[in-house]
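Atoms within each ligand, like the ligands themselves, are counted from 1 in listed order.
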Amino acid sequence: MTDVEKLSVDVATVEMLKKAQAEGIETIFDRAEKMKPCPIGAEGACCRICSQGPCRVPPPKKAKEGEEQKPQAVGLCGATAATITARNFARMVASGSAAHNDHSRGTALLFKEVAHGRTQGYELKDVTKLKQMAKDFGVAITEGEGEDAKPRGKEVIAQELADVILKEFGKQEGELINVQRAPKKRQEIWRKEGVVPRGCDIEIVELMHRTHMGVDQEYQNIVKQCTRCALSDGWGGSMISTDLQDILFGTPVPVAGEINLGVLKEDHVNIIIHGHEPLLPEMIAVAVQEPEMISYAQNKGAKGIQLAGMCCSANEILMRHGIPCAGNYLQQELAIITGAVDAMVVDVQCEMQSLANVAKCYHTKLITTDKRARIEGETMHIPFDDHHALDVARKVVREAIDNFPNRRSPVLIPEASYPTIVGFSYETIRYLLGGSIRGSYYTLNDNIIGGRVRGVAGVVGCNNCRTTHDNSHLTMIKELLKNDVIVLTTGCSAMACGKVGLLTPEAAKQYCGEGLAEVLETVGLPPVLHMGACVDNSRILMAATACVKAGGLGNDISDLPAAGAAPEWMSEKAISIGHYFVTSGVYTMFGVTWPTTGSELLTDHLFKGLEETYGGKWDFEVDPELAAKKMIAHIDLKRKALGIDKARERVLYDMDMRRQMEEAAHAAEH
Ligand code: XCC
């Protein structure tokens with residue numbers, strides 16, 4: 001029997017795994033034990049893009065002394081390991097970008113309907129951001145110019161903006177408009193390399209075409225199209241969806257929340273929303289607060305309705321409304337195993353198919369809501385419809401309430417949950433650092449230059465059942481904080497942090513080096529800033545750009561003392577995200593496993609070659625502490641290149657230490 005204590009560092013997860021074991025419920029952790037990953041596929045060295053294979057081309061065993069080294073095999077068509085692994089890597093980028101860009105298209109279509117007043121329940125909430133975005137996209141916010149200019153109505157601006165934005169998806173030539181937000185030097189690099197994305201869709205289609213049998217067979221050229229495609233995600237689809245969601249649902253500001261399975265309530269109707277798109281969750285959040293709905297729940301014997309999130313849908317409603325988060329990716333089955341979840345409502349991405357089986361063992365209704373994402377088995381489908389979104393939300397909530405009396409197995413909700421402060425949009429960080437009038441990232445830069453803050457790290461991404469749940473995130477982040485590196489986070493990593501209290505201002509003193517703690521305590525910020533969901537990694541790009549523009553730290557993202565990481569990544573989206581960070585100039589560290597080890601050539605190109613062009617590069621390290629140390633070493637290299645390495649030495653020695661050093665020097669002289 002598996003020792004469940006070793007599977008996760010999260011107490012709630014371990015408690016639920018024990019319950020699962022006692023009740024004979026199989027989870028992803030059990031399946032991971034039974035099924036080992038295919039070693040050839042794991043290296044990216046299996047080609048199955050035509051029916052003559054699959055061809056396997058793993059690196060040959062090292063020859064013994066005196067024996068001749070066998071060459072690495074090629075596929076039946078002659079495709080080399082470099083081409084095969086590059087194609088596999090590329091298809092991960094394509095799928096990951098597709099997930100974000102399609103999410104974004106959905107948001108843009110909703111935005112258009114809201115602008116025309118054809119939806120139910122939605123409104124244009126953040127008009128300041130609407131106007132800012134309109135300016136960026138060349139949409140006039142006034143009628144006429146100069147002194148005679150009259151303001152245009154928000155609906156008119158939004159209607160025009162929606163049309164411009166929707167064109168970004170199908171654009172065939174030119175450049176994605178958001179590319180202009182990047183530092184000038186970065187734009188020049190992209191243009192020189194010919195990797196500026198033309199549209200959100202075309203880059204994905206072209207990448208799929210190029211990786212078809214017998215098309216692009218030069219790994220560097222395939223990676224080049226990966227770059228265009230990934231940039232169409234980060235600076236395209238993801239950034240557009242973040243901005244539009246802010247306009248529709250409000251730009252996040254710091255709000256208190258709570259994270260972990262302990263947020264579920266035994267005497268309440270518990271509804272979990274799980275997935276990525278906040279469109280329906282926003283309406284469910286409204287429906288559960290309606291007095292008729294609450295009294296309907298009370299009529300069924302519940303004290304009220306508890307809404308909680310899971311995965312990135314959770315991040316979306318947590319940071320905008322403070323709605324509690326039940327957990328991250330590896331906790332989805334476990335939430336149902338509490339026996340207290342009356343409905344789990346899913347949209348798209350990261351929903352395990354096994355949920356249907358687990359739900360069947362309890363009373364939980366598994367409700368799919370997106371036409372693109374149905375789950376086989378005893379599930380219910382209530383399709384999202386933006387024209388009647390609130391009615392759909394009410395229907396979902398009523399299903400959950402009706403299911404409350406059907407609870408059968410003993411309910412066990414772990415006590416664990418932790419208060420958090422979340423909602424650090426890029427705008428909020430600017431405001432908190434610089435005040436409302438002089439809002440600027442310069443304060444952060446100033447502290448980096450002065451050495452109190454050593455650098456910035458974005459630690460993001462998934463959980464992965466091939467490594468101890470949450471452990472790599474937390475080990476890496478604690479090591480960074482100890483070394484005065486402030487951490488920005490999104491996705492499941494953010495939740496791992498929340499569960500142990502890293503998202504509270506009080507954590508600064510406990511976990512940070514002296515310099516960072518001092519800065520954070522002055523401004524009252526937590527040491528790890530929760531910036532949102534997967535698509536909100538675009539907020540990190542904007543924050544990095546703002547640092548560059550604030551001055552003093554070079555003139556491109558690649559000059560910043562910064563690094564990125566996804567220590568427990570598992571989804572294809574993570575590869576797309578990683579690749580747009582690398583080619584935006586960031587040193588990016590991944591953990592658990594690396595999908596191109598089947599080709600040394602390709603791996604070298606990603607880990608070393610790209611740096612010459614983009615100033616950023618991929619890296620891979622399983623040990624999270626060592627990975628953090630490598631990130632810190634990279635940050636120090638950048639500090640040195642900026643000529644600010646000495647400042648840090650000065651800060652690190654306080655008066656006492658300096659006196660001792662002087663005394664020691666004096667003693668040595670005599
Ligand atoms: Fe999914 Fe976004 Fe990964 Fe978590 S972090 S496992 S993608 S929910 Ni983006």
Side-chain angles (χ1 to χ4, degrees), residues 8 10 13 28 32 92-93 95-104 230 233-234 237-239 241-242 245 259-260 272-278 281 308-319 325-335 344-355 370 373 422 458-467 469-470 472-474 476-477 488-499 528 530-541 564-581 588 590-593 595:
S8 174
D10 170 46
T13 298
I28 184 171
M92 296 178 94
V93 173
S95 166
S97 300
H100 285 150
N101 290 356
D102 205 40
H103 166 158
S104 184
D233 169 355
S238 280
M239 200 172 274
S241 62
T242 294
Q245 284 165 191
I259 300 189
N260 216 344
I272 289 189
I273 41 187
H274 169 26
H276 280 78
E277 297 189 352
M310 196 125 232
C311 284
C312 282
S313 290
N315 283 327
E316 299 276 7
I317 50 170
L318 170 69
M319 64 174 180
C325 165
N328 49 8
Y329 168 73
L330 280 178
Q331 292 177 288
Q332 54 187 288
E333 295 169 312
L334 307 178
M344 183 176 270
V345 189
V346 300
D347 49 81
V348 291
Q349 300 164 22
C350 301
E351 295 125 18
M352 294 191 218
Q353 191 166 351
S354 64
L355 288 176
D370 192 295
V422 300
V459 183
V460 305
C462 322
N463 290 143
N464 184 318
C465 66
R466 298 293 180 189
T467 189
H469 172 230
D470 286 351
S472 295
H473 288 299
L474 298 176
M476 172 182 279
I477 289 171
L488 312 176
T489 185
T490 61
C492 289
S493 182
M495 298 173 205
C497 293
K499 285 185 267 176
V528 182
H530 186 332
M531 295 187 81
C534 306
V535 288
D536 296 327
N537 284 312
S538 62
R539 296 190 203 273
I540 301 183
L541 293 177
E568 298 181 29
W569 78 281
M570 65 88 198
S571 85
E572 290 166 313
K573 290 189 295 167
I575 291 290
S576 176
I577 294 167
H579 201 69
Y580 72 63
F581 269 102
T588 304
F590 269 36
V592 192
T593 179

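When each atom of ligand 1 is checked for a heavy atom of Gly461 under 4.0 Å away, the hits are 5 (S).
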| field | Lys573 vs His276, side-chain hydrogen bond (donor to acceptor under 3.5 Å, both in side chains): CA-CA, chis, key distance, verdict | value | CA-CA 12 Å; Lys573 290 189 295 167; His276 280 78; 2.9 Å; yes

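Excluding water, every protein N/O/S atom under 2.8 Å from atom 1 (Fe) of ligand 1 is given here by residue and atom: Cys350 SG.
Taking Glu351 as the reference, nothing meets the salt bridge (Lys or Arg N to Asp or Glu O under 4.0 Å) condition, with sequence neighbours excluded. Scanning for side-chain hydrogen bond (donor to acceptor under 3.5 Å, both in side chains) contacts around His579 gives Thr227, Trp618, with sequence neighbours left out.
Note that the CG atom of Asp370 and the CG atom of Asp347 stand 6.5 Å from one another [nearest 0.5 Å].
For the salt bridge (charged side-chain N to carboxylate O under 4.0 Å, His left out) condition, the pairs that include at least one residue of residues 531-540, sequence neighbours left out, are Asp246-Arg539, Asp536-Arg539.
Gln245 and His103 are linked by a side-chain donor-acceptor pair at a separation below 3.5 angstrom, with hydrogens and angles left out of the test.
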